[in-house]
Protein chains: 2
Amino acid sequence: MDTPLDMKSSGMKNKRPTLQDVADLVGVTKMTVSRYLRNPDQVSPPLQTKIGEALDHLGYIPNRAPDILSKSKSHAIGVLVPSLTNQVFAEVIRGIESVLEPAGYQTMLAHYGYSKEAEEKRIAALLSYNVDGLIISESYHTERVRKMLSVAGIPVIEIMDSVSPAIEQAIGIDNQAAAYAMTECMIQKGHRKIVYFAARMDQRTLQRIRGYQTAMHDNGLTEMCLSTDSASSFTLGEQFMKEALAKQPDTDGIFCTNDDLAIGALYACQKAGIKIPEEMGIAGFHGHNIARVMVPLLATVITPREEMGRLAAEHLLSRLQGNPVSQKIINLPFQIEPGESI
Amino acid sequence: MDTPLDMKSSGMKNKRPTLQDVADLVGVTKMTVSRYLRNPDQVSPPLQTKIGEALDHLGYIPNRAPDILSKSKSHAIGVLVPSLTNQVFAEVIRGIESVLEPAGYQTMLAHYGYSKEAEEKRIAALLSYNVDGLIISESYHTERVRKMLSVAGIPVIEIMDSVSPAIEQAIGIDNQAAAYAMTECMIQKGHRKIVYFAARMDQRTLQRIRGYQTAMHDNGLTEMCLSTDSASSFTLGEQFMKEALAKQPDTDGIFCTNDDLAIGALYACQKAGIKIPEEMGIAGFHGHNIARVMVPLLATVITPREEMGRLAAEHLLSRLQGNPVSQKIINLPFQIEPGESI
DNA sequence: TATGATAATGTTACAGGTAACAATTCATGG
DNA sequence: CCATGAATTGTTACCTGTAACATTATCATA
């Protein structure tokens, strides 16, 4: 005569409990339960106990859907990065979450693998979930993306790049200036035939190339660039190294668009018995953690990735609180770390 | 006499357009527009054109909120990992998304920094957004987490670990067996005084330690373990190396719970002039990409991270289509890569 | 031209929480 | 013992897209 032990075994739908279910159990309306959840003191002490027990017993889980529907406020922030495997973005994300999480916001992460088409789809998806704000990391967008963002009417912050014209607000570094500075540094150290290794030709890489080219030109040196559209990797750095030596045997310096390529190139030299930095100077970009411990220490451009994420989140929160854009473009400092490899 | 150029400048609320707005513009009911969006052929050709134009003109963005509310289907999958900066999880996530994205599912990523408390909060947050399924990467859960998951009534898949009892379904590797195999391999290569470096004492690390201990014991060797609760890093590997040599100067092997520690330890040896592998064998775990190119090549346990993510997503999709759990525990193979460092 | 079938469009109700307002209870002082 | 107001609880409406059903338009055929 017993009822089934639980709903699962009874073949019922086992739907997750709603406020109504809790209210029915206690014998009040769901409004009362709602009040309890938002501020327990709004209901009488005896009900507080009963409602608390009922919530616990049923295992009530809050449901944001109604709120999102009625107030168009999801308390979720969309974060769009090109890649998750790239350590750089992982650190930016950590910075973002370190601010959003304590503020009660959920981050909705999406990535688009550097494809404009995917970016469009991902932004549409994030907007369809009614995110309250967006942090994106590209500087060029299709017309449709711009329209979507404008229509959505939510604050948008672009990160990584402080040079391209911002939609509303951009926080990043000046990639061209950083690349210029590193190239200058390599030249000062005596390198002359410096080749640039580039992968994934996005805006940031193009700007770095421009910085490198300008520095070479300003010093009366000849530039040479090896590039590909595919993803960068340690192995690609090795390949490029071999290619550079084949094309220009007297190459004495390599500046890479990121540390992955640089590390690959460095190991390729070690395997080939090329002395670093005497015979070949190698520099990277972005300060991969490993660059700071390896032997020899890799020359690299150190960028404030985590702080960039933090700042982006802070400015976004500020705008969600109704404040206007305080500063359209925020340019963060970078640092040239010569290491031991140039 | 002109109307303002756009709504922004008119001080209006600039709310994002709804189906009703589109319908009003065309002169039909929103139901007709809804039909057009789901299957254009359901409306007459002239209306198809007009609705298409209106949608475009207003920049309509679909809104999932009503659907989530009425059907409790969000087409979002929650993915919970301990850390995003850890490359291992980035690759798992890539595997997951490679399956979910083409299937029309949005991933909602959350991480909890190895804290049980944060895990609870994160799972509650994901459930409050009505995710249709969950992929989580811990094997031990608080009672409250178990209750939430049971009440939510959505498919849950645990990844990383194939040994702990699965809530519903687990996909991972046998960490203990893998650590045993690598320890055996080190012993075979002649190392005797092998020390284990562990950070972040989660279940997986504990199982690896057990594998190491068993292998040492089975070979009549003495075990020694350096561990900390804090996060692993290259620098920590360096510190541990110094500590191990101080405590046990005749240490001739290091087995690390991950490649980050191993790489740090390896460079520490290089800086101290200790020859690898002659004087010191070093092995890692998980096959960090860099381990596959560095000099010397790092001995490591190669795990199918991306495939693990793919499989988890595929099984989740299958269950979302109503299929039952086909296999409660799926044990993926690992591979011992001796490299040149042991 | 009437009839029935089919295509095209409209109407209504619903999902679950909460703002806004309404109603009820209860204690207190006159 | 009732008026008054504060404290507590209830009622109604709303947010947006769509399933389910209802209605109207269109057209071929008897």
Side-chain angles (χ1 to χ4, degrees), chain A residues 13 15-51 54-55 58-76 124-125 127-132 151-153, chain B residues 13 15-52 54-55 58-75 124-125 127-132 151-153:
Chain A
K13 283 225 293 248
K15 261 188 66 210
R16 107 183 197 189
T18 68
L19 276 195
Q20 187 66 60
D21 298 327
V22 180
D24 289 349
L25 193 62
V26 178
V28 292
T29 57
K30 56 181 181 167
M31 194 62 227
T32 306
V33 184
S34 170
R35 286 195 182 98
Y36 172 86
L37 284 174
R38 298 162 53 65
N39 179 7
D41 289 338
Q42 273 185 75
V43 306
S44 61
L47 271 187
Q48 284 181 26
T49 319
K50 279 166 80 178
I51 293 176
L55 285 168
L58 293 177
Y60 175 77
I61 303 163
N63 186 351
R64 279 194 190 276
D67 231 48
I68 297 176
L69 183 54
S70 57
K71 295 201 266 304
S72 312
K73 283 272 163 246
S74 59
H75 269 238
L127 292 177
S128 79
Y129 284 100
N130 294 273
V131 290
D132 293 348
V151 164
Chain B
K13 282 227 292 249
K15 263 189 62 213
R16 110 184 197 186
T18 68
L19 276 196
Q20 188 66 61
D21 298 327
V22 180
D24 289 350
L25 193 61
V26 179
V28 292
T29 58
K30 57 181 180 168
M31 194 62 227
T32 306
V33 184
S34 170
R35 288 194 180 98
Y36 171 86
L37 284 174
R38 297 161 53 66
N39 179 5
D41 289 339
Q42 272 185 73
V43 305
S44 60
L47 271 187
Q48 284 180 26
T49 320
K50 278 166 83 178
I51 293 175
L55 286 167
L58 292 177
Y60 176 76
I61 304 162
N63 185 352
R64 280 194 190 274
D67 231 50
I68 297 175
L69 181 55
S70 55
K71 294 200 268 302
S72 312
K73 284 273 163 245
S74 60
H75 269 238
L127 292 177
S128 79
Y129 284 101
N130 294 272
V131 290
D132 293 347
V151 164

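Keep in mind that the numbers below use all heavy atoms, side chains included, and drop hydrogens, waters and symmetry copies. Just so we're clear, the structure is a prediction, and the values are computed from it rather than from any experiment. In what follows, chains are A, B, ... by sequence order, proteins preceding strands, each numbered from 1.
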Contact summary for [X] and [Y], nearest pair of heavy atoms:
{"X": "B:S74", "Y": "B:Y129", "result": "CB-O, 3.9 Å"}
{"X": "B:I61", "Y": "A:A124", "result": "CG2-O, 4.3 Å"}
{"X": "B:T18", "Y": "B:Y60", "result": "C-CE1, 3.7 Å"}
{"X": "B:V151", "Y": "A:G59", "result": "CG1-O, 3.5 Å"}
{"X": "A:Y36", "Y": "A:Q48", "result": "CE1-O, 3.5 Å"}
{"X": "A:L58", "Y": "A:P17", "result": "O-CG, 3.4 Å"}

Under 4.0 Å, counting only non-hydrogen atoms across every strand here, what does [X] touch: a base, just sugar-phosphate, or nothing?
{"X": "B:V28", "result": "sugar-phosphate"}
{"X": "A:K30", "result": "base"}
{"X": "A:T32", "result": "sugar-phosphate"}

To the nearest 0.5 Å, how far apart are CZ in A:R35 and CD1 in A:I51?
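A:R35 atom CZ to A:I51 atom CD1 measures 10.0 Å (nearest 0.5 Å).
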A:R16 side, atom CZ; B:N130 side, atom CG - distance, nearest 0.5 Å
4.5 Å
Run A:V33 and A:V26 through side chain to side chain contact (heavy atoms under 4.5 Å, CB included) and show every step you take.
CA-CA 9 Å; A:V33 184; A:V26 178; 5.6 Å; no
Using heavy atoms to find the nearest nucleotide of DNA chain C for B:S72 and B:T29 separately, return the residue whose nucleotide is more 5′.
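Upstream on the strand: B:T29.
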Hey, which sits more toward the 5' end of DNA chain C by its nearest nucleotide, B:K71 or B:R35?
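It is B:R35, whose closest nucleotide lies nearer the 5' terminus.
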Mind running a 4.0 Å heavy-atom check of residues 36-50 of chain B against DNA chain C and sending the residues that fall below it, in number order?
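Result for residues 36-50 of chain B: B:V43, B:S44, B:L47, sorted by number.
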What are the bounds, 5' to 3', of the part of DNA chain C that sits under 4.0 Å from heavy atoms of chain B?
C:dA8 to C:dG16
Output, in order, the C-alpha distance, side-chain angles, deciding distance and verdict of side chain to side chain contact (heavy atoms under 4.5 Å, CB included) for B:H75 and B:D132.
CA-CA 6 Å; B:H75 269 238; B:D132 293 347; 4.1 Å; yes
Shoot me the first and last contacting nucleotide of DNA chain D against chain B, ordered 5' to 3', at under 4.0 angstrom to non-hydrogen atoms.
D:dT16 to D:dA20
For B:S34 and B:K30, run side chain to side chain contact (heavy atoms under 4.5 Å, CB included): C-alpha distance rounded to whole Å, both residues' side-chain angles, the deciding distance at 0.1 Å, then the answer.
CA-CA 6 Å; B:S34 170; B:K30 57 181 180 168; over 6 Å; no
